[in-house]
Amino acid sequence: MKINLAVFFGGKSCEHDISIITAHQAMDFIDESKYNVYPIYIDINGLFLYGEELKNFEFCKNIDYLKLHKVYFKPADQNIYYKKNKVLCKADVALLCMHGLNGEDGTLQGLLEMSDIPYTSSSVLGSALGMDKIAMKMFFKGLGLNVLPYVWTYKEEYYHITGQQNFLERAEKLGFPLIVKPSNLGSSIGITRASDLESLKAAMDIAFKFDNRVVVERALNDFIEVNCSVLGSPAEVKTSACERPLSWQAFLSFEEKYLSKGSKTGGMDSLKRKLPADIPDDMAASIQEQSKQVFLALNCKGVIRIDYIIDKTDDTVYINEVNTIPGSLSYYLWDYSGIDFFELIDKLVEYAQYSAEQKRYLKYAYVSNVLNCAGGGKM
């Protein structure tokens with residue numbers, strides 16, 4: 001019997017368009033002899049929509065809403081509905097191709113949890129921590145991993161409470177150049193490199209247009225970036241070879257990541273890279289082991305990508321961030337490791353089903369006499 005696979009993409013996110021690219025790359029490699037594919041598009045306003053036309057990449061460039069149905073699901077019910085309570089399908093598994101807020105950050109994962117629909121991305125916890133750069137850095141430090149020195153603030157504090165001067169002084173102590181980032185965005189959106197106080201102020205204003213919390217970290221002058229993907233569930237964890245993205249920028253820009261030529265639809269697979277990364281074997285092995293540690297500690301599943309920065313002056317490896325739903329699902333890294341995109345989809349479905357099955361063994365009720373003992377007044 002075929003598996004009903006609901007492919008979620010789009011989203012109320014600055015990374016909405018990148019999500020569409022990832023979804024279409026994935027749908028091109030879904031074996032339709034095994035799966036019934038139901039594309040579920042979430043538009044920029046948060047509407048959930050279905051239509052067979054969504055399988056067409058050209059259609060997604062200029063959505064015709066008249067050809068789509070609004071869809072929804074209910075708590076404790078694996079069905080996806082449309083119109084007035086008509087069943088579109090029972091969602092056996094949700095393949096999440098979401099990037100950024102309202103999709104990669106644990107919100108959609110929580111909704112699917114409440115509906116008991118298995119899904120391919122990390123847990124609510126891992127998704128939420130992986131999205132927030134400030135919480136993520138605190139988490140990394142708690143694991144004893146190297147992170148670049150940083151400070152952070154929120155909009156009300158920066159503009160109103162203690163004023164800009166206090167925070168700017170703390171940031172300056174890190175030493176220029178600095179990288180300024182919105183806490184909850186990816187794809188390099190809203191990120192600026194600051195070389196002096198005036199450019200730092202401008203960078204803060206830009207970052208606050210995208211998020212209410214901003215992190216500022218010391219930038220390295222002589223460094224390389226290295227990425228490593230992890231695939232699996234707590235019962236089976238595999239790491240890919242390390243890659244080194246090639247860039248002339250001080251950090252990879254949105255344009256370099258997604259507007260490079262080299263693939264049908266763009267995406268992270270079109271980025272120029274060295275694979276495997278030209279780093280010592282022992283360093284690569286250490287990065288892979290560290291990546292496994294993070295994967296397990298964050299309660300991840302499916303496929304993730306972890307980005308590192310290596311200071312070339314002393315070979316210190318700094319962990320930068322976790323992408324719990326990486327661009328292009330990092331299929332290019334797994335293809336190099338001997339797992340093609342067809343098999344990657346199969347494994348993501350397998351891990352989603354395994355995780356959901358394990359949760360069904362857990363007890364969610366505890367029988368007690370507390371209600372009978374309690375009075376009707378306040379406790």
Side-chain angles (χ1 to χ4, degrees), residues 2-8 22 25-26 29-31 34-35 91-98 104 106 108-109 112-113 116-130 136 139-140 143 145 226-243 268 275-277 281 284-308 319 321-362:
K2 287 186 181 183
I3 294 171
N4 290 337
L5 189 60
V7 181
F8 285 79
T22 293
Q25 289 172 328
F29 289 92
I30 293 173
D31 185 345
K34 298 178 182 178
Y35 305 102
D92 294 318
V93 174
L95 174 61
L96 303 191
C97 297
M98 308 294 295
E104 190 179 358
L108 179 58
Q109 289 79 358
L112 294 167
E113 291 273 4
D116 199 28
I117 297 174
Y119 56 92
T120 58
S121 81
S122 295
S123 67
V124 174
L125 171 68
S127 299
L129 281 174
M136 195 190 318
F139 175 81
F140 291 154
L143 288 176
L145 306 179
V226 170
N227 303 332
C228 180
S229 182
V230 187
L231 173 66
S233 69
E236 179 184 61
V237 183
K238 301 177 182 178
T239 55
S240 73
C242 295
E243 65 162 338
M268 285 293 290
L275 182 58
D281 290 344
S286 176
I287 287 173
Q288 289 170 322
E289 189 58 37
Q290 187 169 303
S291 299
K292 283 184 181 180
Q293 180 188 4
V294 171
F295 183 90
L296 291 170
L298 273 177
N299 194 25
C300 293
K301 74 173 188 294
V303 65
I304 70 169
R305 193 190 74 240
I306 304 180
D307 301 345
Y308 297 86
I319 187 166
E321 63 181 19
V322 176
N323 298 272
T324 56
I325 306 179
S328 304
L329 300 180
S330 287
Y331 82 82
Y332 47 91
L333 288 173
W334 292 104
D335 189 57
Y336 177 84
S337 301
I339 298 174
D340 66 22
F341 213 160
F342 288 103
E343 187 180 356
L344 178 62
I345 298 293
D346 289 342
K347 286 187 172 294
L348 293 178
V349 170
E350 175 190 332
Y351 297 135
Q353 291 176 319
Y354 171 81
S355 177
E357 188 63 29
Q358 292 302 303
K359 286 179 182 175
R360 293 184 184 120
Y361 287 114
L362 299 176

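Quick caveat, the model's predicted, so the values are computed rather than measured.
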d(Phe8 CZ, Leu112 CG) to nearest 0.5 Å is 5.5 Å

>> Do Glu289 and Gln293 have side chains that approach each other closer than 4.5 Å (heavy atoms only, starting at C-beta)?
In response: no

Distance col, row Met98:CE vs Leu108:CG, nearest 0.5 angstrom, shows 6.0 Å

So, the side chain of Thr120 versus the backbone of Leu96: is there a donor-acceptor pair under 3.5 Å, distance only?
yes

Closest non-hydrogen atoms of Gln288 and Ala241, given as atom of the first, atom of the second and distance, are NE2-CA, 3.9 Å

Heavy-atom closest pair (Gly130 atom, Met136 atom, distance to 0.1 Å) is O-CE, 2.8 Å

(message) Closer than 3.5 angstrom, by distance alone: can the side chain of Ser123 be matched with the main-chain N or O of Gly126 as a donor-acceptor pair?
(response) yes

Taken to the nearest 0.5 Å, the spacing of Leu333 CG from Ile339 CD1 works out to 11.0 Å

Nearest heavy-atom contact between Leu296 and Pro234 is CD2-CA, 3.9 Å

> Is any side-chain heavy atom of Leu231 less than 4.5 Å from a side-chain heavy atom of Leu344?
Replying inline: yes

Could you check whether any side-chain heavy atom of Leu329 comes within less than 4.5 Å of a side-chain heavy atom of Thr22, counting everything from C-beta outward? yes

So CD1 of Ile325 and OG of Ser122: to nearest 0.5 Å the spacing works out to 7.5 Å

Rounding to 0.5 Å, atoms CD1 (Ile30) and CZ (Phe341) come to a distance of 8.5 Å

Only residue of Thr324, Thr239, Ile319 satisfying side-chain contact (heavy atoms from CB on, under 4.5 Å) with Ile306 is Ile319

* Asked: Hey, does Leu145 have a side-chain heavy atom less than 4.5 Å from the side chain of Val294?
  -> yes

Scanning both residues in full, the closest heavy-atom pair of Cys228 with Tyr308 reads CB-CE1, 4.5 Å

> Taking the six-membered ring for Trp, are Phe342 and Phe29 parallel (under 30°), tilted (30 to 60°) or perpendicular (over 60°)?
Replying inline: perpendicular

Pro276 side chain near Cys242 side chain, heavy-atom distance below 4.5 Å: no

Go through the steps to decide whether Leu348 and Val303 satisfy the test side chain to side chain contact (heavy atoms under 4.5 Å, CB included), and finish with yes or no. CA-CA 7 Å; Leu348 293 178; Val303 65; 3.9 Å; yes

- Under 4.0 Å between a Lys/Arg side-chain N and an Asp/Glu carboxylate O for Lys359 and Asp116? no

Any side-chain heavy-atom pair of Ser127 and Ser121 under 4.5 Å | yes

CZ (Arg305) and OG (Ser328) are apart, to the nearest 0.5 Å, by 9.0 Å

Taken in chain and number order and not counting sequence neighbours, the residues that satisfy side-chain hydrogen bond (donor to acceptor under 3.5 Å, both in side chains) with Ser229 are Trp334

| task | Show the numbers, then the answer: is there a side chain to side chain contact (heavy atoms under 4.5 Å, CB included) between Val237 and Val230? | result | CA-CA 7 Å; Val237 183; Val230 187; 3.5 Å; yes

For Val124, the side chain to side chain contact (heavy atoms under 4.5 Å, CB included) test, sequence neighbours excluded, returns Gln109, Glu113, Tyr119

Note: Phe139 and Ala297 closest approach over all heavy atoms is CZ-CB, 3.6 Å

Heavy atoms of Pro118 and Ala91 approach each other most closely as CD-O, 4.4 Å

Quick check: does any side chain N or O of Ser355 sit under 3.5 Å from a backbone N or O of Tyr351, one acting as donor and the other as acceptor? no

Do Ile3 and Gln353 have side chains that get closer than 4.5 Å, going by heavy atoms? yes

query: If we only count heavy atoms from C-beta on, is the Lys301 to Tyr354 side-chain gap below 4.5 Å?
result: no

